[in-house]
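Heads up: the structure comes next, in structure tokens.
Keep in mind that this is a model prediction, so the values were computed, not measured. All values below come from the heavy atoms of this structure, side chains included, with hydrogens, waters and symmetry mates left out. Each chain gets a letter, A, B and so on, in the order the sequences are listed, and its residues count up from 1.
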Protein chains: 2
Amino acid sequence: MTARTSPESARDIPEATVARLPVYLRALVTLSESGTVTCSSEELAVAAGVNSAKLRKDLSYLGSYGTRGVGYDVDYLRYQIAREIGVTQDWPVVIVGIGNLGQALANYSGFRSRGFRVVALLDANPERHDEVVAGLDVRPFDHLEQIARDHAVAIGVIATPAVAAQDVADRMVACGITSILNFAPTVLNVPDQVDVRKVDLSIELQILAYHEQRKTHGAAT
Amino acid sequence: MTARTSPESARDIPEATVARLPVYLRALVTLSESGTVTCSSEELAVAAGVNSAKLRKDLSYLGSYGTRGVGYDVDYLRYQIAREIGVTQDWPVVIVGIGNLGQALANYSGFRSRGFRVVALLDANPERHDEVVAGLDVRPFDHLEQIARDHAVAIGVIATPAVAAQDVADRMVACGITSILNFAPTVLNVPDQVDVRKVDLSIELQILAYHEQRKTHGAAT
DNA sequence: CTTTGTGAATGCTTTCACAGCA
DNA sequence: TGCTGTGAAAGCATTCACAAAG
């Protein structure tokens, strides 16, 4: 029953809205870079691929950042959303499992430009410890504890094979990491206070296959 | 009560359920490989990381494949779900954009083992056309039309930079591809009959960052 | 007159709780 | 008895439609 004397963004934002805020932020960055100063909810909605009623409802959870009859100031709204998400600061991140996918993640420039900094790459396989990926040494998994402490890492990325993922998650949790992005195709068991998000490439394809099957089934002409 | 003479999988399955079927399938494969013959909804739910009421409700949309008092036959249910999703057949897939991520996807063994076959790798950059990735030649993007026709490709994967993604999507649609998995951080505009699913790595991290920010803020005890 | 912000209505999803069957 | 399958209830999310504000 935490009595929060809340500073101001204590409104609780629905999960569905939280998941869309980064999309709005991306659209705003694009608009800003193209020199757009002001935009209506309709324009931003199109850029973000949602409908404008939903966009306005989502933004209303953050506060009243628009002007009636005019729209939103692109840079102002961009800042407010970035602040709400928490990407005005930089988040240190470790990636564990430097196979093909781990390397791709390490090289992904989109992280750095969006508030994340990869501080270490770890792999259990000693043969990889020679390598340098994306300008970082690949280090032994055992270094996790020290790295997590030194850099105050709160977010970990798991890109190992499925069998290793639970062990890695356990070790991350033991090191005080409380947010995990899991690319391994397995369910992770973690304590309640730890957030896990999963990205499963083949699950996404399977969802597409389901709908595809339905299409070719029904109409054919 | 519905008197269904219907061809059999004509029930319409809620989208939220469709998205979980691949997770159940994966859990069933694991159970099957570990020699489990029968499992209760509770056991399967734990393996899939959901609660058992949700699992049973989800399965009820497919039909009555369990036995009261006993549970589910692992292999039988596994087959029924695979059939419902449409992964008893093989789906030919093309990957466009063979950078770090595209290479990782091309090498990902989880596709082949789960009903998908990568039939071609395409890239617009001529410098890449020498390379062989995952046993496949990297071919010019212009070959898309012919490849799509020859292999009856229905599913395309976009792993290009954001600026190229819409063009690639347009070309895919023109070639008759009706399902797209998009890894580029941009919104795609496609006709209604085309399904798009997106995977955005930095959006996932941003969602974690939002919750992380809340944790370190509020309670400490 | 334009466009936001938001109650109210609608539509989905999850959870409950128990009847029905093995 | 034990566990599935499912109506009914509760909880979320989206959409509507309009009052309020500039």
When the nearest nucleotide of DNA chain D is assigned to A:Lys57 and to B:Ser40 on a heavy-atom basis, which residue is associated with the more 5' position?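 In this pair, the answer is B:Ser40.
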Per nearest nucleotide of DNA chain D, the residue lying toward the 5' end, A:Val70 or A:Lys54, is A:Lys54
To the nearest Å, give me how far apart [atom1] ([X]) and [atom2] ([N]) are.
| X | N | atom1 | atom2 | answer |
| --- | --- | --- | --- | --- |
| B:Leu77 | D:dT4 | CG | C1' | 12 Å |
| A:Arg56 | C:dG7 | CZ | P | 14 Å |
| B:Asp58 | C:dT15 | CG | P | 10 Å |
| A:Glu15 | C:dT14 | CD | P | 13 Å |
| A:Arg68 | C:dT2 | CZ | C1' | 12 Å |
| B:Asp12 | C:dT13 | CG | C1' | 14 Å |
| B:Tyr61 | D:dG7 | OH | P | 10 Å |
| B:Leu62 | D:dG5 | CG | C1' | 12 Å |

Quiz item: cation-pi between B:Arg117 and B:Phe111, 6.0 Å / 45°: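 No, cation not above the ring by the 6.0 Å, 45° rule.
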Enter the distance from A:Asp73:CG to A:Tyr65:OH here, rounded to the nearest 0.5 Å.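 Between A:Asp73 CG and A:Tyr65 OH, I get 13.0 Å after rounding to 0.5 Å.
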Do the non-hydrogen side-chain atoms of A:Ile158 and A:Leu181 ever get within less than 4.5 Å of each other?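 The answer is no; the side chains never approach within 4.5 Å.
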B:Gln103 and A:Gln103, any side-chain heavy atoms less than 4.5 Å apart: no
Has [X] got a side-chain N or O lying under 4.0 Å from the OP1 or OP2 atom of [N]?
| X | N | result |
| --- | --- | --- |
| B:Arg20 | C:dT14 | yes |
| A:Thr67 | D:dG22 | no |
| A:Asn51 | D:dT14 | no |

Would you call A:Asp195 and B:Lys215 a salt bridge, taking side-chain N to carboxylate O under 4.0 Å as the test? yes
Out of C:dT4, D:dA13, D:dG5, which has the shortest distance to the side chain of A:Pro14? D:dA13
